[in-house]
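Reviewing the structure listed below.
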Amino acid sequence: MATIKDIAEKAGISPAAVSRILNNDTSLSVSPSTRERVIHIAKEMNYKKSKPVKHNDFKLGIVQWFSAEEEAKDSYYLFVRNGIEDFCKKNHIKIERAFKSDKDYTESIKNVNGLICIGKFSSEEIDDFYRICPNVVFLDMEIKDYNISTLTMDFKNAVYDALQYLYDLGHREIAFLGGAEYVGEYKKEKVIDERNLAYVSFMKKKHLNYKEYMWEGTFDVASGYEMMTRLLSTDKHPTAVFASSDSIAFGAMKAIKDHGLSIPDDISIIGFNDIEMSAFTSPALTTIHAPAYDMGQHGANLIYVASNLSISTPIKVKIPCTLVQRDSCATPKSLSNQK
C-alpha cells in the first residue's frame with residue numbers, strides 16, 4: 001500500500017505538504033497544478049487514507065534492539081520500555097512486543113497501528129520499519145532523514161555540562177571512556193555517539209589535550225575496568241574521567257581503587273544514565289540523569305496522538321538531561337595542595 005512518503009518522492013515535494021493537500025488544507029500555499037498532481041499520483045498509486053483508530057482498537061508495536069537477556073542487564077532500555085508499557089496500560093492500548101533477537105520478529109508487528117523502535121538500527125531496518133508502519137518513532141537514535149520521527153537525549157549539552165563542571169573544579173586532564181555500537185547484518189555500520197563528538201568539541205574549545213585521553217570499548221562494567229586499567233598503565237594519568245555510562249564508570253572506579261588511588265582525591269569521575277546503583281557506590285557517583293522512563297512515555301503518547309489525529313508530519317525531539325552532583329568529584333589534588 002502506498003504511503004504519503006511514496007507520493008511525496010514521486011511528486012517532488014515534502015511529505016508534510018502531501019499530507020496537507022490530501023487533507024484538503026486550503027491554508028497551504030501551493031499552486032493548483034501541484035494540488036492536482038499530488039491527487040492524481042495518490043489515485044494512481046491507490047493511496048488509501050488511514051482512519052483514526054479508537055483507543056480500544058489501537059495496537060502498538062514495540063521493537064527492542066537488545067535481546068531480552070541484554071535488556072535485563074541494562075536498566076536504561078528497560079526503563080524506556082517500562083515507560084511505554086505503563087502509558088499503554090493507562091490508556092488501554094494493546095501491545096505487540098518484539099526483540100530483534102527473536103526469530104522472524106517483524107511478523108508480530110505487521111498489523112500494528114503505531115510502532116516504537118527502541119535503540120539502534122541499520123538503514124535497511126529503518127526503511128523496513130517505515131514500510132511496515134509509517135506511524136513510527138525511533139527512541140534513542142539520531143536519524144538524519146527528516147521524514148522519520150525521533151526522540152533522543154540531548155547528549156551534547158549533557159556532556160558539556162559535565163565537562164564544564166569538571167573544568168570549573170580545576171580539571172584540565174580529563175579522560176573519556178566510551179562505548180562503540182554497531183548495527184546491520186554483519187555489524188559493520190557504526191553508530192555515531194553524540195557523547196564522543198561533544199567531548200572532542202569541548203576539549204578543542206578549551207584548547208585541552210584529548211587524543212591520549214580518549215578511549216572506546218563497550219557499554220559494560222568489564223570494559224570500563226579494562227579501559228581505565230590501560231589508561232593508568234600509561235604516563236598520561238588524568239585528574240578526572242567522564243564515562244559514557246554508569247556501567248563503564250563502575251568498572252573504572254574499581255580499576256582506580258585497584259591501582260591504590262582514591263576517588264575523588266586522586267581522580268574524579270562522572271557517569272551517565274543515573275541508574276539506581278549509582279547512588280550507592282562508594283563514593284556515590286556523580287552522573288548525568290537521563291530520563292529514560294519519560295522518553296518511553298513521550299514516545300508512546302506521540303504515536304497514539306498522531307494516529308488519532310491523523311498527524312503525519314514527523315518531529316525531532318531532544319530531551320534534556322541533568323547533572324546529579326554526588327561525591328565522586330572534587331578539586332584536583334595539585335590545586336588543593338596550593339590552598
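- Aromatic ring centres of Phe155 and Phe272 lie closer together than 6.0 Å.
- Distance alone, capped at 3.5 Å, places no donor-acceptor pair between the Arg195 side chain and the Gly178 backbone.
- By the 4.0 Å N-to-carboxylate-O rule, Asp128 lies close enough to Arg131 to be salt-bridged with it.
- Side-chain contact between Met227 and Leu231 is absent, with no heavy atoms from C-beta onward closer than 4.5 Å.
- Side-chain contact annotation: Tyr130 with Asp145, donor-acceptor N/O pair under 3.5 Å absent.
- Lys94 places no side-chain N or O within 3.5 Å of a backbone atom of Cys88 that could act as its donor or acceptor partner.
- Ser247 and Ser245 share no side-chain donor-acceptor pair at under 3.5 Å.
- Other residues, nucleotides and ligands place more than 12 heavy atoms under 6.0 Å from the OH atom of Tyr105.
- In this structure a side-chain-to-backbone donor-acceptor pair under 3.5 Å is present from Lys316 to Ile143.
- Side chain of Ser268 to backbone of Ala240: no donor-acceptor contact under 3.5 angstrom is found.
- The two residues Pro291 and Cys321 come nearest to each other via the heavy atoms CD-SG, 4.3 Å.
- Separating the CG atom in Leu115 from the CD1 atom in Ile109 is a distance of 5.0 Å, to the nearest 0.5 Å.
- For the residue pair Ile263 and Lys257, the shortest heavy atom distance occurs at CD1-CE, 4.3 Å.
- Judged purely by atom type and a 3.5 angstrom limit, Asp6 uses its side chain to pair as donor or acceptor with the backbone of Thr3.
- A heavy-atom distance below 4.5 Å is found between the side chains of Tyr76 and Met295.
- By the 6.0 Å contact criterion, NZ on Lys318 is enclosed, its count of non-hydrogen atoms from other residues, nucleotides or ligands being greater than 12.
- The aromatic ring centres of Tyr199 and Phe242 sit 6.0 Å or more apart.
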### Message
side chain to side chain contact (heavy atoms under 4.5 Å, CB included), that's the test. Do Glu124 and Glu189 meet it? Break it down for me.
### Response
CA-CA 11 Å; Glu124 291 77 15; Glu189 190 177 328; 4.2 Å; yes
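- Using a 4.5 Å heavy-atom cutoff, the side chains of Tyr213 and Leu208 are not in contact.
- The side-chain heavy atoms of Asn196 and Met214, taken from C-beta on, include a pair separated by under 4.5 Å.
- Not one N or O on the side chain of His171 forms a donor-acceptor pair closer than 3.5 Å with the backbone of Asp168.
- The two atoms that bring Ile4 and Ser19 nearest to each other are CD1-CB, 3.9 Å, heavy atoms only.
- Distance alone, capped at 3.5 Å, places no donor-acceptor pair between the Asp140 side chain and the Gly119 backbone.
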### Query
Going through the distances and angles, do Ile41 and Val18 end up as a side chain to side chain contact (heavy atoms under 4.5 Å, CB included)?
CA-CA 10 Å; Ile41 292 173; Val18 169; over 6 Å; no
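- With hydrogens and angles disregarded, no donor-acceptor distance shorter than 3.5 Å links the side chain of Asn209 to the backbone of Glu173.
- Around atom CG of Asn111, no more than 12 heavy atoms belonging to other residues, nucleotides or ligands sit under 6.0 Å away.
- Side-chain contact check for Ile303 versus Ile116: some heavy-atom pair is nearer than 4.5 Å.
- Residue Ile62 holds its CD1 atom at 5.0 Å from CD of Glu85, rounded to the nearest 0.5 Å.
- Checked by atom type, the side-chain pair Arg326/Thr281 shows no donor-acceptor distance below 3.5 Å.
- The shortest heavy-atom contact between Thr287 and Gly271 is OG1-C, 3.1 Å.
- Using a 4.5 Å heavy-atom threshold, the side chains of Gln325 and Tyr165 count as touching.
- With rounding to the nearest 0.5 angstrom, the CD1 atom of Ile84 is 9.5 Å from the CD atom of Gln297.
- Across all non-hydrogen atoms, the minimal contact from Ile256 to Leu232 is CA-CD1, 4.1 Å.
- Side-chain atoms of Pro320 and Asn157, non-hydrogen and from C-beta on, never get closer than 4.5 Å to each other.
- No donor-acceptor pair under 3.5 Å is formed between the side chain of Asp327 and the backbone N or O of Pro283.
- Distance CG/Asp274 to OG1/Thr286: 10.0 Å, rounded to 0.5 Å.
- Hydrophobic clustering keeps Ile7 apart from Tyr146 (ILVMFWY residues linked when any side-chain heavy atoms are closer than 4.5 Å, directly or through intermediates).
- For the atom pair Met253 CE and Met228 CE, the distance stands at 11.5 Å (nearest 0.5 Å).
- In terms of heavy atoms, Gly179 sits closest to Phe219 at O-CE1, 3.2 Å.
- For the pair Gln164 and Lys206, the minimum side-chain heavy-atom distance is below 4.5 Å.
- In this structure, Ser244 OG and Leu177 CG are separated by 8.0 Å, a value rounded to the nearest 0.5 Å.
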### Query
After noting the C-alpha distance and the side-chain angles of Phe58 and Tyr304, does the key distance pass the ring-ring contact (aromatic ring centres under 6.0 Å, His included) rule?
CA-CA 8 Å; Phe58 189 90; Tyr304 184 50; 5.4 Å; yes
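- No side-chain N or O of His289 forms a donor-acceptor pair with one of Thr322 less than 3.5 Å apart.
- Using a distance-only test at 3.5 Å, with no hydrogens or angles considered, no donor-acceptor pair links the side chain of Ser201 to the main chain of Ala198.
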